[in-house]
Amino acid sequence: MPEPLPADVADVFAELLDPADPVHAVLLRQVPHLRVTGRCGCGCGTADFVLDTGAVDPAPTGDGPGTVVAAEAPLLTETGECPGEVLVFTQGGYLSWLEVCSWSDDIEVTLAAACDWLRAARRTP
């Protein structure tokens, strides 16, 4: 059963998607209509979505019915280490899932940590 979008997922979208980018602006308008259909059990925060495509327009991603990465960002810690990355996938111009990748056994990569690192990166010139 699809569940409402949790705040941690919405926060990452807010940090990762740039409203000045035309594709990202359309994707941001989709976020309030997302429902979560599944989350990774390891605690990383990866989430799959369902979206009422009749309620929103598709983003002009040029992907047709296929899957593309609409946004991605490396996750950089305060010490400059890169323990992972976050990716936003679309299918047919609609948000489909958020992937949180971890490349480190030493640094725990969670959605909350990813959001903090993305915020810090935005503040750094």
Side-chain angles (χ1 to χ4, degrees):
M1 173 75 71
E3 300 174 10
L5 190 69
D8 61 346
V9 176
D11 290 346
V12 168
F13 280 128
E15 292 301 323
L16 192 58
L17 298 174
D18 179 1
D21 178 295
V23 171
H24 289 190
V26 175
L27 294 175
L28 282 167
R29 288 193 293 274
Q30 294 177 9
V31 170
H33 302 277
L34 289 176
R35 298 291 175 257
V36 174
T37 58
R39 291 195 76 169
C40 182
C42 81
C44 68
T46 293
D48 296 317
F49 310 111
V50 65
L51 177 67
D52 177 3
T53 58
V56 293
D57 292 325
T61 58
D63 62 346
T67 302
V68 298
V69 175
E72 62 185 310
L75 300 173
L76 301 174
T77 67
E78 301 79 16
T79 61
E81 295 179 73
C82 183
E85 71 178 331
V86 177
L87 301 105
V88 174
F89 290 90
T90 61
Q91 290 181 322
Y94 296 101
L95 290 166
S96 58
W97 84 88
L98 175 72
E99 182 80 26
V100 182
C101 303
S102 175
W103 304 319
S104 174
D105 291 332
D106 301 324
I107 301 172
E108 185 178 14
V109 178
T110 64
L111 202 52
C115 193
D116 289 343
W117 293 325
L118 291 168
R119 276 191 193 111
R122 260 193 181 184
R123 289 190 302 263
T124 305

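- For the side chain to side chain donor-acceptor pair (under 3.5 Å) test, residues two or more places apart in sequence or in another chain that qualify with E99 are W97.
- For D18, there are no salt bridge (charged side-chain N to carboxylate O under 4.0 Å, His left out) partners, not counting sequence neighbours.
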Sequence neighbours left out, cut at 3.5 Å: what donor-acceptor pairs do the side chains of residues 41-55 make with other protein atoms?
unit_1: T46; atom_1: OG1; unit_2: V100; atom_2: N; d: 2.9
unit_1: D52; atom_1: OD1; unit_2: G54; atom_2: N; d: 3.0

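- Residue L76 holds its CG atom at 10.0 Å from CD of E78, rounded to the nearest 0.5 Å.
- Put simply, CD on E85 and CH2 on W103 are 4.0 Å apart, with the number rounded to the nearest 0.5 Å.
- Atom CG of L17 is separated from atom CG of L27 by 6.0 Å, given to the nearest 0.5 angstrom.
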Contacts table for residues 3-15: side-chain donor-acceptor under 3.5 angstrom, sequence neighbours left out:
unit_1: D8; atom_1: OD1; unit_2: R39; atom_2: NH1; d: 3.4
unit_1: D8; atom_1: OD2; unit_2: R39; atom_2: NH2; d: 3.1
unit_1: E15; atom_1: OE2; unit_2: R119; atom_2: NE; d: 3.3

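- With hydrogens and angles disregarded, a donor-acceptor distance shorter than 3.5 Å links the side chain of Q30 to the backbone of D57.
- The CG atom of L98 lies 6.0 Å from the CG atom of L111; values are rounded to the nearest 0.5 Å.
- In the hydrophobic clustering (ILVMFWY side chains linked at under 4.5 Å, chained through shared members), V26 stands by itself.
- Without hydrogens or angle criteria, H24 side chain to A70 main chain gives a donor-acceptor distance under 3.5 Å.
- With sequence neighbours excluded, the residues forming a side chain to side chain donor-acceptor pair (under 3.5 Å) with E81 are T79, listed by chain and number.
- In this structure, F89 and V68 have side chains that are not in contact, with every pair of non-hydrogen atoms separated by 4.5 Å or more.
- Nearest heavy atoms, S102 versus S104: OG-O, 3.4 Å.
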